[in-house]
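A short write-up of the structure that comes next.
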Amino acid sequence: MTTRAAAAPRNLEEDDPLEDFQHREVTLLGKTRKVYTAGTGPAVIVMAEMPGISPRVARFARWVRDSGLTAWMPSLFGRDGAVPTAKEGRAVFERACISREFRALGANESSPISAWLRALAAHAHAECGGPGVGAIGMCFTGNFALSMMLEKAVLAPVLSQPSLPLDEPAGVQIAPDELARVRQRLEDEDLTVLAYRFEGDAFCRAERFAAYQRALGERFVARVLPDSAAGPKAARSDDFFRFIPTPHSVLTVHLVDREGEPTAAARDEVLAFFRRRLLA
């Protein structure tokens, strides 16, 4: 079965009302968050990049849905469905950096939000069934998919340009004891972690992938795309991504949705990875 998108094209430069998702309030560990769900079949937790659930992040969630899976897209920061603007995006970024739920600086620590996301994975698995759950984090949330492996329901983790910690290019945003437990689980259950970055990415550099490779060995499957594979950024002066000086967002902003494009191939590989682990 194809993993290519089946949804009708949308204008990605207009706010997305997310009308084809179910809007839910999910309370776990005493914290209530909005979660957008769509589809049938086993669940995949889709965690947005900074500054939130943009039309391009929602497009990826729809690709998950159209692959025969259920997308679960939690609202973690920002204005849901909004086209990222420079002013609003910067404010969201600054709030997240000082939030108690996120650890943007300093290596070898896990963000507290990871516990809630693990609970969400267990909840989604109980509701959607199947052998387990997939998880993908992007940029600010990129590392969270790995921390979620401490939840036994998570079988298919994907890290797309994991950018934390911001101040240590070779740092990893997970506590050492948790990383060791993840490594052991990967070995015991014959699982792998998929990870993506652009070669010249200033926020997710080669040092970070090297650190994960040392920690996880062959269980860490890295994909490094050439900068030439990145599509053009938006030209608007108020676009948040004008602050990103290099190719960065493999599956959203810099994805070129055409046959034969490396970023489209990366998207298809991710969807196939989810289907292989969750629909076998």
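Within the 4.5 Å cutoff, side-chain heavy atoms of Gln173 are placed close to those of Ser111. Taking the side chain as every heavy atom from C-beta outward, Tyr212 and Val193 never approach each other to under 4.5 Å. Inter-residue side-chain proximity for Phe209 and Pro162 is flagged as met; some heavy-atom pair is nearer than 4.5 Å. Looking at heavy atoms from C-beta onward, Arg24 lies out of side-chain contact with Tyr36 at the 4.5 angstrom threshold. At least one side-chain heavy atom of Arg181 sits under 4.5 Å from a side-chain heavy atom of Leu150. Between Arg275 and Leu271 there is no side-chain heavy-atom pair separated by less than 4.5 Å. At a threshold of 4.5 Å between non-hydrogen side-chain atoms, the residues Val64 and Ile136 do not count as touching. Considering only heavy atoms from C-beta on, Met73 stays 4.5 Å or farther from Asp80 through its side chain.
Summarising the geometry of Cys204 relative to Arg197, their closest heavy-atom pair is O-NE, 2.7 Å, with the distance given to 0.1 Å. Summarising the geometry of Glu49 relative to Ser249, their closest heavy-atom pair is OE1-OG, 2.9 Å, with the distance given to 0.1 Å. Nearest heavy atom pair, residue Val250 against residue Ala266, reads CG1-CB, 4.2 Å. When all heavy atoms of Phe21 and Ala38 are compared, the pair lying nearest together is CD2-CB, 3.5 Å. Considering every non-hydrogen atom in both Ile113 and Arg33, the closest pair reads CD1-NH2, 3.3 Å. What you find for Ala71 and Ala61 is that their closest heavy atoms are CB-O, 3.5 Å.
For the pair Arg185 (side chain) and Met149 (backbone), a donor-acceptor distance under 3.5 Å is present. At distances below 3.5 Å, at least one donor-acceptor pair connects side-chain atoms of Ser163 with backbone N or O atoms of Gln161. Within the 3.5 Å criterion, the main-chain N or O of Arg219 finds no donor-acceptor partner in the side chain of Thr192. Remark: the backbone N or O of Val256 is paired with a side-chain donor or acceptor of Thr263 at under 3.5 angstrom. Side-chain atoms of Ser54 come within 3.5 Å of backbone atoms of Val57 as a donor-acceptor pair (strictly under, hydrogens ignored). A side-chain donor-acceptor contact under 3.5 Å links Glu151 to the backbone of Ala153. Checking side-chain atoms of Ser147 against main-chain N and O of Ile174 turns up no donor-acceptor pair under 3.5 Å. Arg208 places a side-chain N or O within donor-acceptor distance of the main-chain N or O of Phe203, the cut-off being under 3.5 Å. Between the side chain of Asn143 and the backbone N or O of Leu164 there is at least one donor-acceptor pair closer than 3.5 Å.
Identified under the ring-ring contact (aromatic ring centres under 6.0 Å, His included) test for residues 108-127, with sequence neighbours left out: Trp72-His123.
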Asp257 vs Trp63, side-chain contact (heavy atoms from CB on, under 4.5 Å): CA-CA, chis, key distance, verdict: CA-CA 12 Å; Asp257 188 17; Trp63 283 330; 3.8 Å; yes
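Rounding to the nearest 0.5 angstrom, the gap separating the NZ atom in Lys34 from the CD atom in Glu25 is 5.5 Å. Between Leu155 atom CG and Phe273 atom CZ the span is 9.0 Å, to the nearest 0.5 Å. To the nearest 0.5 Å, the span separating CD1 on Ile45 from CZ on Arg118 amounts to 13.0 Å. Taken to the nearest 0.5 Å, the CZ atom of Arg62 stands 6.0 Å off from the CG atom of Leu18. Going from atom CG of Leu159 over to atom CE of Met47 covers 8.0 Å, rounded to the nearest 0.5 Å. Atom CG of Leu179 is separated from atom CG of Leu146 by 6.5 Å, given to the nearest 0.5 angstrom.
Counted within 6.0 Å of CZ on Arg183, heavy atoms from surrounding residues, nucleotides or ligands total more than 12; the atom is thus considered enclosed.
Salt bridge Arg56/Glu13: present, at least one basic N to carboxylate O contact under 4.0 Å. Taking 4.0 Å as the cut-off between side-chain N and carboxylate O, Asp16 and Arg59 do not count as a salt-bridged pair.
Looking at residues two or more places apart in sequence or on another chain, you find a side chain to side chain contact (heavy atoms under 4.5 Å, CB included) between Pro17 and Glu19.
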